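Presented below is the structure to which this report refers.
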Protein chains: 2
Amino acid sequence: MVEYQTELLDRVFAAVADPTRRAILAGLAQKPATITEIARPFPVSLNAVSKHILVLERAGLIIREVAGREHHCRLDPAPLRKASVWLEHYRKFWDLRLDALERHIITRKKREKRSHGRTD
Amino acid sequence: MVEYQTELLDRVFAAVADPTRRAILAGLAQKPATITEIARPFPVSLNAVSKHILVLERAGLIIREVAGREHHCRLDPAPLRKASVWLEHYRKFWDLRLDALERHIITRKKREKRSHGRTD
DNA sequence: CCTATATTCAACCAAGTGGTTGAATACCAA
DNA sequence: TTGGTATTCAACCACTTGGTTGAATATAGG
């Protein structure tokens, strides 16, 4: 069995389990920003966003560089890649399922062709 | 912007953020099992595992079929696929980073060739 | 120096989590 | 019916989480 950096995966998955944090990542994917800039679009307090950023930082998803009173944050995608690698192990399962679904659709189409006009 | 089924993603990512639950999924990827069978390898109580399975079920990752007193569980990979789709949006970022890393290594090798023997 | 800005710290709250134990429920089988 | 097995329910605990408000800290700029 492949060895995973379990604790990192824990933190990464937990970090992206929150919609606000996913939105923060999406924003930073466009361009780096300071805490205040990141917080602007969100309906919660700056403090709340500051905490979210801390969670993302601890998951390794955000790199913070302090410049004077501003904290510049940028995305670090590396942990997302690790998460993706973990998920890929399950790809074969959903591929199988999609194959089955496709076969089912094809079968249904053939049936429809035979019994033309019937809707079941 | 792509539309996500936010609540499902929340539950899926939260579900896989726990190492025990990831291990449960890995087991079910081998073959379906009952609660007791699933619980056997783990050092926690059956009740604890039962709760984990409930979390996985609510995330849509496990399908439960009750047969008499046994609950047969099997993996449903569909939500993992959705999680993977979300992650894929960030692939370009880690691809970029890997490219940069590769360039860096190549550059370093060239430098090493020039200043032969120096270790920095 | 003074004031506005950027951010964190601290305390608090309600709700959720991961675990426990013990009891309840439901089923199978002798 | 009686007993063993499979599972959940219920209550509890310590800890975490996502949010708040208010104060503290540090920097920037007139």
Side-chain angles (χ1 to χ4, degrees), chain A residues 4 6-28 31-75 79, chain B residues 4 6-28 31-75 79:
Chain A
Y4 294 113
T6 313
E7 289 159 30
L8 177 65
L9 271 193
D10 290 0
R11 279 189 299 243
V12 173
F13 280 132
V16 300
D18 182 279
T20 301
R21 287 195 290 263
R22 286 199 301 278
I24 290 174
L25 290 182
L28 290 180
K31 68 177 183 61
T34 67
I35 310 284
T36 313
E37 286 164 359
I38 293 169
R40 194 142 40 223
F42 296 101
V44 297
S45 72
L46 178 74
N47 270 1
V49 172
S50 173
K51 282 190 188 180
H52 280 306
I53 290 169
L54 191 62
V55 172
L56 291 166
E57 198 182 9
R58 287 209 253 254
L61 289 164
I62 277 184
I63 291 168
R64 181 196 306 247
E65 260 152 23
V66 180
R69 56 184 168 178
E70 292 181 343
H71 295 206
H72 293 271
C73 301
R74 62 176 205 273
L75 179 67
Chain B
Y4 295 111
T6 312
E7 289 159 32
L8 177 65
L9 271 194
D10 290 0
R11 280 188 298 243
V12 172
F13 281 131
V16 301
D18 182 279
T20 302
R21 287 195 290 265
R22 287 199 302 277
I24 291 174
L25 290 182
L28 290 179
K31 69 178 184 60
T34 66
I35 310 285
T36 313
E37 287 164 358
I38 293 169
R40 194 143 39 223
F42 295 101
V44 298
S45 72
L46 178 74
N47 270 0
V49 173
S50 173
K51 282 190 187 180
H52 280 307
I53 289 169
L54 191 61
V55 172
L56 291 166
E57 196 182 10
R58 287 209 255 252
L61 289 165
I62 277 185
I63 291 167
R64 181 197 306 249
E65 260 151 24
V66 180
R69 57 184 165 176
E70 293 179 343
H71 294 204
H72 293 271
C73 301
R74 62 175 205 274
L75 179 67

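Both backbone and side-chain heavy atoms feed into the values below; hydrogens, waters and symmetry mates do not. This is a predicted model, so every value here is computed, not measured. Below, chain A is the first sequence line, B the second, and so on; all start at residue 1.
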(message) Any side-chain N or O of A:S45 below 4.0 angstrom from OP1/OP2 of D:dT20?
(response) yes
(request) Respond yes when some side-chain nitrogen or oxygen of B:H52 is under 4.0 Å from OP1 or OP2 of C:dG19, and no when none is. (result) yes
What's the [atom1]-[atom2] distance between [X] and [N], to the nearest Å?
X: B:I53; N: C:dG18; atom1: CD1; atom2: C1'; answer: 14 Å
X: B:E7; N: C:dG16; atom1: CD; atom2: P; answer: 14 Å
X: B:R58; N: C:dT17; atom1: CZ; atom2: P; answer: 8 Å

Please tabulate, for side-chain N and O atoms in residues 39-52 of chain B, each donor-acceptor pair with protein atoms closer than 3.5 Å (sequence neighbours left out).
| from | atom 1 | to | atom 2 | distance (Å) |
| --- | --- | --- | --- | --- |
| B:S45 | OG | B:N47 | N | 3.4 |
| B:S45 | OG | B:A48 | N | 3.0 |
| B:H52 | ND1 | B:R21 | NH1 | 3.1 |

(request) At under 4.0 Å between heavy atoms, which parts of nucleotides 3-10 of chain C does protein reach? Answer with one letter per nucleotide, 5' to 3': B base, S sugar-phosphate only, - none. (result) -BBSBBBB
As an exercise, state the distance from [atom1] of [X] to [atom2] of [Y], rounded to the nearest 0.5 Å.
X: B:T20; Y: B:L25; atom1: OG1; atom2: CG; answer: 11.0 Å
X: A:I35; Y: A:I24; atom1: CD1; atom2: CD1; answer: 9.0 Å
X: B:T36; Y: B:R69; atom1: OG1; atom2: CZ; answer: 9.5 Å
X: A:R58; Y: A:R11; atom1: CZ; atom2: CZ; answer: 9.0 Å

(message) For A:A67 and A:V49, find the nucleotide of DNA chain D closest to each by heavy atoms; which residue's nucleotide sits nearer the 5' end?
(response) A:V49
(request) Could you pull out all residues at least two apart from B:E57 that satisfy salt bridge (charged side-chain N to carboxylate O under 4.0 Å, His left out)? (result) B:R64
(request) Measure the angle between the two terminal helix axes of the helix from C:dC1-D:dG30 to C:dA30-D:dT1, five base pairs each, and quote it to 10°. (result) 20°
(request) Please name all residues satisfying side chain to side chain contact (heavy atoms under 4.5 Å, CB included) with B:P32, sequence neighbours left out, ordered by chain then number. (result) B:R74
(message) Checking B:A33 now: which residues fulfil side chain to side chain contact (heavy atoms under 4.5 Å, CB included) with it, not counting sequence neighbours?
(response) B:L28, B:E37, B:I38
